[in-house]
Structures are given as C-alpha cells and as structure tokens.
There are 2 protein chains.
Amino acid sequence: MPPETPENSVEPLERQSLVDRVTARLGEAILAGRYDRGATLPPERDLARALQVNRTSLKHALQRLEQLGFIATRHGIGSVVLDPTETAGARLLSYLVFRASGIDTAVLSDLIEARTLLGAFLTRLAAERRSDDDVKSLGRVLEDLGRVADEPDAVQRLELVFFRNIMRATKNQIFVTLASSMFAVYLGRAHVFRDAFTDRAGVQKALGRVLDAVQARDADAAERAAHDYLKKNGKALLDAAKRLG
Amino acid sequence: MPPETPENSVEPLERQSLVDRVTARLGEAILAGRYDRGATLPPERDLARALQVNRTSLKHALQRLEQLGFIATRHGIGSVVLDPTETAGARLLSYLVFRASGIDTAVLSDLIEARTLLGAFLTRLAAERRSDDDVKSLGRVLEDLGRVADEPDAVQRLELVFFRNIMRATKNQIFVTLASSMFAVYLGRAHVFRDAFTDRAGVQKALGRVLDAVQARDADAAERAAHDYLKKNGKALLDAAKRLG
DNA sequence: GAGGCACAGTGGCTGAGCCACTCATTCACC
DNA sequence: GGTGAATGAGTGGCTCAGCCACTGTGCCTC
C-alpha cells in the first residue's frame, strides 16, 4: 500500500494499450450478446483485419478473454463464445459494474447488497473463530485510522484492510479470496467511491463497535454491528457512484 | 451441457499447449514464492530464452498471468510480481486447490466448508425471495434427476444446476457469479469428485427437502436442509479427492 | 458400408525487427 | 549549487511473414 500523500488523491491518467482496447471491445461485444453463445468467433485472421490490429495482438487479447472465461479457444476449431455469467465467476465482477457505457448501478447495488449480507455473515463467523492475534491486528488498523488525517483515500484503504483482517479471522482462506474479488472491484476504481469515506470519525466508531463484539466473541452483536456499518456505508457508496456515473 | 452418454464417464486426455505450460510454470513459481513480491520478473527476452520459448509465446502466458492477478506488467519497467492471495481473487481458487504437487486438501476442505456455509446462507435467502418460476425450474431439475440413470456424472451436473438455480432465486447477480467461481473449481476436474455422486436417490431426496422448504418460503428449514446436504456431500467430496489426490 | 486419405480451414508457434516508454546519467546553463 | 534538457541503456508494445499442427469433411478405395 502506498503512503497517503496528497498526490494520491489525484487519480493517475488511465493509459490503455492496444491489447487493453481490443480485450475491452470484444469483451463488451460478448457481454452485450452480439455473439451467440456456443458460436465461434470469426477466424483470427479475419478478426484481426476487421479490428485493424496484428494477429499477434489480437491473440494476446484472446488469451486474456479465455482466462476471463469469455471464450474457449480450441486448436483447429476456433474460439467458442461462452456465457460469462455462467463461466467467468468473480473475475467478471468489475466488468459487470464498469461497463463501457458507464457504471451499471443495478449490478453495483447487487454488489453492495452482497457485501452487506456476506460481510455481516462472515463477521459473525470471525467473532466465533478469532484468535488473539486477529484482535490485535484489527486493533492496529483502528489505531491507524485514528492517526490519519481526514483523508478519504486513507480511510477507504484502512476500511478495506479492516475487513480483510476480519476475513482472515474466519480462518478460511476461501473467504479471504472471495472477499478479494469484491475488493478488487473498488480497488480498481477507488476514486469513484471516494465521497463515501469523508466521515472518518463515523467509520472509526462503527468499526470500533465491530471490533468490540468480535473481541467479546459475541457473534450476534458482531453480525449486527457489521451489518449496520455495511448497510449505511453501502448507501453512501451507491450515492457516490451515482453522482459520478 | 452434453448428454449423459457412457463415453462421458471417461475423462478426455488433457492436452496442454506450450502457453498452458509456461503459464503453469510461472504461476507455480510465483505461488511458491520463488519471486519476491514487488520484484520484477526477468526481462521477457531473458525469460523466453531460459524457458526456451519464443518471446511471443511467453508474452501470451504473461497476458494470462496478468489477467489472473499474478503480475502487473508495465511498459518500460517490467512485470512486477504481485501477491496472488491479495490480488487474484476467486479466479485463483482452482490454482490453489490443484497444485502441481497434487491436490491441496487443506485448501479443498476450506473450500468445502465455504460451500457449506455460504450455500446454506444463500439458500435461506433464496427461500425468502424465490419467485414461482424459481420453484418451477428447481422442480424441473429434480425431475431430470429422477429420470437419469445412476450416472454419477449426470448426478453431479444436475446438483450443480440445482444450486445455480438456488443462487438465481436470491435475485442477486453477484451471488450467482461468486458461486460460479466455486463451481468452476470442480467443473474443471469433475472426475476427481465423481465418487461423491454415486447415491443418486440420496441426493434427490436431500435436494427435495431443500426445494420443499424453499417452496414453503420457510427460511429456517431451507437453511437447515441445505446445510445438511452440503455438509454430508462435502465430506464425500473430500474423501473422493483424497483417494485420488 | 467401412476405412483410409487428402484437403481446406483454423489456431499454435516462431524469429526478426522496429517503436515507445522509463529511468538514471550527463551536461549545459543559469 | 541548483535546474532542467538531452542522452542512452534497458525494457515492454506491436508488427510482419511464415510455417506447423489440429480438426472436420468429403471423396475415394476396397
């Protein structure tokens, strides 16, 4: 994690390589249903000519799309179009939220609801399973949160670290990993949600209640506290995105 | 989905392209910690020479690894090694379970626990939100399950379809997507878990209880029924994998 | 009819080369 | 001494042209 310097509050210019753009173009086309599921994409040579890129560059994009679960490429046959919502899994999330046409608020509100429900459920689990070390590291995050200036970026980052540590406290690697998938959506576009983290003191207080319940191994209280925070913050996230999207 | 013919019970030979192997090799090396986090990989020209592949093929593999969240490649700098457990998200799951050295049963049992807990939780949600169409499509899956012969592959496939429909009944796209990530782990290696699906009648009965509760909108019963099934089947999955792994 | 074979279409992979970006160094200028 | 422009080495981005390998089809032979 980078330190919280003023220049961090300015988003770096987004630079796209040719392969980035080809991947996005084809990915959008598939998501939009412009190719039938199970049909094959046009031959690479044709597709490259149509996109006016070299076949090698096109193939780089196809490698990515295959990894994403958008297509399955088979030697001698072609690239078969899959249904990303069936096969792509969590790696698809940020694609679904940040569409070429702007932010898809329907998907985003689903995402925020999922965050609220799963976050609360897993905080309950964390309260049951937490070790003393977990309590300590959560405490340290809250201390850091008390020390930083009222920088939304820093608050946002520490909130994410807090929940990552909650996931660790469940003692199940899979939850950490699934949570990362959801975190990744807003890590990539953190600035969109910046306005949801202007109230440092409020965040600190709410997470403090979560920590207290986890420390006390009070599963019900932990679930409630997490749910309260995530619900309220989720509304702020959605508002922030709507203002920008 | 392919029909349930006898030849489906034989797994096709796994054929790996050069790029597959390069990706696996480098991915394993990063997972094993053979490169420091934040360090750069060797220059592409050197790495290609070392692996005895063309630079283009190496780059295909790097495109995939970048998409997987293993590395971040920057023009003029190099490919920076990331910590996949932090950045890779759910797309990492099957990598974590199926290691070059064999199946990682610790991760697999975490995965199975996660499946049990989340599956039960989301079945509860599905019971609260299901539409009549959801009940119908779940019913159709169970009918199919009644019709197929005692083919473990078919049972396994239909069980997965059943739970995919449960996820759809939550009316939240994100849950469908997250579930796909977990399904993907065993879709890729279905034969490993085959032995957990030999008791067709048992599966049918257990899922029938889930459906009944969902239909009755009885959240508690639905959660319980799903938990019971997933717990028991999870044990069978782990046993099956251990016998083969 | 069954099996073998040839061919067209498609992706896999290579080698060579030039372009574009980044960073550290150098050096001229104030 | 500080500043900033120019340079050059190192690295990834992208292209081009071509051959190899796999798949499915349809013909041909027996």
Side-chain angles (χ1 to χ4, degrees), chain A residues 2 7 10-27 29-30 35-82, chain B residues 2 5 7 10-27 29-30 35-36 38-82:
Chain A
E7 56 270 25
V10 180
E11 285 301 309
L13 259 66
E14 193 172 310
R15 267 190 278 191
Q16 287 201 311
S17 71
L18 187 60
V19 177
D20 287 338
R21 278 176 291 162
V22 173
T23 309
R25 176 81 70 94
L26 291 175
I30 292 171
Y35 296 103
D36 289 335
R37 307 284 174 258
T40 54
L41 249 37
E44 296 184 350
R45 290 162 177 86
D46 295 354
L47 202 48
R49 200 177 322 116
L51 291 164
Q52 298 190 51
V53 300
N54 190 273
R55 188 174 156 219
T56 307
S57 301
L58 171 67
K59 280 184 76 62
H60 283 320
L62 294 180
Q63 295 286 344
R64 291 199 200 171
L65 288 169
E66 180 162 29
Q67 196 61 63
L68 275 166
F70 280 58
I71 60 174
T73 302
R74 287 191 298 163
H75 195 173
I77 308 280
S79 290
V80 178
V81 177
L82 307 176
Chain B
T5 51
E7 55 270 24
V10 179
E11 285 302 308
L13 258 63
E14 193 174 312
R15 266 190 280 191
Q16 288 202 311
S17 71
L18 188 61
V19 177
D20 287 339
R21 279 176 291 161
V22 173
T23 308
R25 177 82 70 95
L26 291 175
I30 292 171
Y35 296 102
D36 290 335
T40 55
L41 248 38
E44 295 182 352
R45 290 163 178 84
D46 295 353
L47 202 48
R49 201 177 320 117
L51 291 164
Q52 299 190 52
V53 301
N54 189 274
R55 187 173 156 222
T56 307
S57 301
L58 171 66
K59 280 183 77 63
H60 284 320
L62 294 179
Q63 296 284 345
R64 291 199 200 170
L65 289 170
E66 181 163 28
Q67 198 62 61
L68 275 167
F70 280 57
I71 60 173
T73 301
R74 287 190 298 165
H75 195 174
I77 307 279
S79 290
V80 179
V81 177
L82 307 176

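Naming: A, B, ... by sequence-line order, numbering from 1 per chain. Note: hydrogens, waters and symmetry copies are ignored here, and every other heavy atom, side chains too, is used.
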Worksheet item: What string of B, S and - do you get for nucleotides 11-21 of chain D, 5' to 3', when a contact is any protein heavy atom under 4.0 Å?
Response: BBBBBB-BB-B
Fill in: Pairs where residues 49-60 of chain A contributes a residue and the test salt bridge (charged side-chain N to carboxylate O under 4.0 Å, His left out) is met, not counting sequence neighbours
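For residues 49-60 of chain A, and leaving out neighbouring residues, the salt bridge (charged side-chain N to carboxylate O under 4.0 Å, His left out) pairs sorted by first residue read A:E44-A:R55, A:E44-A:K59, A:D46-A:R49.
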Worksheet item: Which pairs count as salt bridge (charged side-chain N to carboxylate O under 4.0 Å, His left out) when at least one residue sits in residues 64-73 of chain B, sequence neighbours excluded?
Response: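 Passing the test, one end in residues 64-73 of chain B: B:D20-B:R64.
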Fill in: Atom-to-atom span, CD1 of A:I71 to C1' of C:dT10 - whole angstrom
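About 14 Å, once rounded to whole Å.
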Item to complete: State the CZ-OG1 distance between B:F70 and B:T23, to the nearest 0.5 angstrom.
Response: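 It is 10.0 Å, given to the nearest 0.5 Å.
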Worksheet item: OG1/A:T73 to CD/A:Q63 distance, rounded to the nearest 0.5 angstrom?
Response: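 CD of A:Q63 is found 7.0 Å from OG1 of A:T73.
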Discussion item. So, using side chain to side chain contact (heavy atoms under 4.5 Å, CB included) as the criterion, who are the partners of A:R25 when residues are at least two apart?
Written reply: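 Scan of A:R25 (side chain to side chain contact (heavy atoms under 4.5 Å, CB included), adjacent residues dropped) gives A:L51.
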Discussion item. Tell me the closest heavy-atom pair linking B:L82 and B:I30, and the distance in Å.
Written reply: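 The pair with the smallest heavy-atom distance is O-CG2, 4.0 Å.
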Discussion item. Please enumerate all residues that pass salt bridge (charged side-chain N to carboxylate O under 4.0 Å, His left out) together with A:R74, with sequence neighbours excluded.
Written reply: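 Partners of A:R74 under the salt bridge (charged side-chain N to carboxylate O under 4.0 Å, His left out) test: none.
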Between the protein and nucleotides 5-7 of chain C, list every N/O to N/O distance that falls short of 3.5 Å.
none

Worksheet item: Do A:I71 and A:L26 pass the side-chain contact (heavy atoms from CB on, under 4.5 Å) test, and can you show the C-alpha distance, the side-chain angles, and the key distance before you say yes or no?
Response: CA-CA 10 Å; A:I71 60 174; A:L26 291 175; over 6 Å; no
